[in-house]
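For reference, the structure is listed below as structure tokens.
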Number of protein chains: 2
Amino acid sequence: MADDLSLKQRSILQFLEEFIADHDYPPSIRDIQNGCDISSTSVVDYNLKRLEEKGYIRRDREVSRAIELLNGQGERRRRTIAVPLLGKIAAGRPIPTPPDTLSAGGYEDTIELTEEQTGGRSNVFALRVEGNSMIDALINDGDIVVLEQTDTCDDGEMVAVWLKGENETTLKKFFREGERVRLQPMNATMSPIYTAADNVAVQGRVVTAIRSL
Amino acid sequence: MADDLSLKQRSILQFLEEFIADHDYPPSIRDIQNGCDISSTSVVDYNLKRLEEKGYIRRDREVSRAIELLNGQGERRRRTIAVPLLGKIAAGRPIPTPPDTLSAGGYEDTIELTEEQTGGRSNVFALRVEGNSMIDALINDGDIVVLEQTDTCDDGEMVAVWLKGENETTLKKFFREGERVRLQPMNATMSPIYTAADNVAVQGRVVTAIRSL
DNA sequence: GCTCGCACGGCACATATGTTCTGTTCGGAA
DNA sequence: TTCCGAACAGAACATATGTGCCGTGCGAGC
């Protein structure tokens, strides 16, 4: 952890964590004073200044409770993104709606992901996988896949594509082969789909998979 | 979404989201007033009261910036837990330290997970998987497994166990067979380990696996 | 038209809260 | 010892901020 902090500073930092976890808003200087048994507000202020210098927090002057926790390297932390869960998908079955749904509000559910998990990307959505047709990609029934919205991709990437003619969306590995496209299921027992390049529209690229046991 | 809200209330709610995302602390009433082009603080207060009645926010009286976003059903939202990343593990290689490390602060890194992902459990830790010795459990090199700390488990559960004699920790499926224990690797090409029941100490049960692509 | 409640405007007020100033204590360097 | 800066105490101060009060416009219902 951090060894460049005094006991009091460590105690303040821990109190900050707990207080924010409890209230979802930061404590005032006097809250910290009471919570850490500190004798004076100026001592709190003094140590907060040190913590800010060392990159553990950020403060806005003149603003009450304006303390933001950083990760010790001066970077922001604890932030989640509500990722829309657009529906279920099996390799072959459609997503409920061709997802222009994103910008609208036409999804029922969201899951919270951290920036770590989305890689800081903003155009992400999630799908719940049904069936075990993607077993070779280590994705099982019930898993959630997180996709980055895109309309292009490289060969071999795992993408959700919309088949215009069939009007359905499916999760496959994408390979361009001249004028046509090979969509490879991630299950050795299933055969690839071949279709004209202009029949497919890439919807998103898989960036993360999450499984609960 | 919500259709029981006035335009102004919706605007306030959205401003709250953006402000908190920007600053990590909630806005004051006057911040909202400016941000939403509202003419008076009392109008903001009035609408905040309505929002609180309808379960979209929670407020602490007399406390500045004490606005907590709820999910519309009166439940809290957006909360992450810093889960300690204790080290790397391969089916067979040890965790750096036999994890009493947990309560101390002897880990280098943490990952942020949402309560959704930890299932609300508090005693969780994470390990990064090395090698593909757990491929049959759909866990690959580089994946992160999240474990719930426990010292008991049922047959067939995927657990981290500490082998006292060998002084190493490994990730296996656990089967009790009379006086001995079978530790089954999750790779068909690898053989199970048989050892005395009192030689194994269960460290944790796998609850989630996360893969980034 | 009249009443009444809802949403709003304006403003003063009380207090919650960050800041600052003056000292004090204490340990190490000179 | 003396000097000096880090850390702390205590209190006053300035302002940031929530709250309450009084009034207005307006549409619904009678």
Side-chain angles (χ1 to χ4, degrees), chain A residues 2-70 72, chain B residues 2-70 72:
Chain A
D3 41 346
D4 57 335
L5 296 181
S6 74
L7 228 63
K8 194 162 290 188
Q9 283 157 19
R10 242 179 268 262
S11 150
I12 289 177
L13 215 48
Q14 189 186 340
F15 179 77
L16 279 173
E17 299 232 19
E18 289 167 4
F19 191 100
I20 293 175
D22 265 9
H23 301 84
D24 268 25
Y25 55 83
S28 71
I29 294 221
R30 282 165 184 82
D31 288 335
I32 300 174
Q33 186 189 356
N34 294 326
C36 297
D37 281 317
I38 294 176
S39 50
S40 168
T41 58
S42 65
V43 175
V44 178
D45 188 60
Y46 173 80
N47 284 288
L48 287 180
K49 284 204 175 85
R50 298 296 90 73
L51 284 171
E52 188 167 21
E53 284 171 4
K54 293 172 184 169
Y56 288 91
I57 62 172
R58 198 185 64 78
R59 295 214 292 164
D60 284 342
R61 286 176 56 89
E62 321 266 294
V63 179
S64 71
R65 297 173 184 270
I67 301 176
E68 185 180 346
L69 273 171
L70 304 178
Chain B
D3 39 346
D4 57 335
L5 295 181
S6 74
L7 227 63
K8 194 161 295 192
Q9 283 157 19
R10 239 179 269 262
S11 149
I12 289 178
L13 215 49
Q14 188 186 339
F15 179 76
L16 280 173
E17 300 235 18
E18 290 169 5
F19 192 98
I20 293 175
D22 265 9
H23 301 85
D24 268 24
Y25 55 83
S28 71
I29 294 219
R30 283 165 183 84
D31 288 335
I32 301 173
Q33 185 188 356
N34 294 326
C36 298
D37 282 317
I38 294 175
S39 49
S40 168
T41 58
S42 65
V43 176
V44 178
D45 187 60
Y46 173 81
N47 284 289
L48 286 179
K49 284 204 174 84
R50 297 297 89 72
L51 283 171
E52 187 167 21
E53 284 171 7
K54 294 173 185 168
Y56 287 93
I57 62 172
R58 197 186 66 76
R59 294 216 289 164
D60 285 341
R61 286 177 55 89
E62 320 267 293
V63 178
S64 70
R65 299 175 182 270
I67 301 175
E68 185 179 347
L69 273 172
L70 305 176

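Values reported hereafter were calculated over all heavy atoms of this structure, with side chains retained and with hydrogens, waters and symmetry mates removed. Letters A, B, ... are given to chains in the order of the sequence lines, protein chains preceding strands, and every chain is numbered from 1.
Across all strands, A/S6 comes closer than 4.0 Å to no nucleic acid atom at all (heavy-atom distances). As judged by a 4.0 angstrom heavy-atom cut-off over every strand, A/S40 is placed among the base-contacting residues. Residue B/N47 is classed as a sugar-phosphate contact, given heavy-atom separations below 4.0 Å to backbone atoms only.
Between A/R61 and C/dT20 there is a side-chain polar atom (N or O) within less than 4.0 angstrom of OP1 or OP2. A close approach under 4.0 Å does occur between a side-chain nitrogen or oxygen of B/K8 and OP1 or OP2 of C/dC8. Using a 4.0 Å cut-off, no side-chain N or O of A/R59 falls inside it from OP1 or OP2 of C/dT17. The side chain of B/S64 places an N or O atom within less than 4.0 Å of a non-bridging phosphate oxygen (OP1 or OP2) of C/dT17.
The base of D/dG18 sits with one of its N or O atoms less than 3.5 Å from a complementary donor or acceptor on the side chain of B/R30. In the interface, the side chain of A/S42 is paired with the base of D/dG10 through a donor and an acceptor atom under 3.5 Å apart.
Atom CD1 of B/I29 is separated from atom P of C/dA14 by 18 Å (rounded to the nearest Å). The interatomic distance linking A/D31 (CG) with C/dT17 (P) rounds to 6 Å, in whole Å. Here D/dT19 presents its P atom at 7 Å from NZ of B/K49, a figure rounded to the nearest Å. If you measure from atom CD of A/E62 to atom C1' of D/dT17, you get 14 Å, rounded to the nearest angstrom.
Distance check, rounded to the nearest 0.5 Å: CG of B/N47 to CD of B/Q9 gives 4.5 Å.
With no hydrogens or angles considered, no side-chain donor-acceptor pair links A/S42 and A/D45 at under 3.5 Å.
Using cut-offs of 30° and 60° for the angle between ring planes, the A/F19 and A/F15 rings count as tilted.
Each of B/R50 and B/T41 has a nearest nucleotide on DNA chain C; the 5'-most of these lies closest to B/R50.
Judged purely by atom type and a 3.5 angstrom limit, A/D37 has no side-chain atom pairing as donor or acceptor with the backbone of A/Q33.
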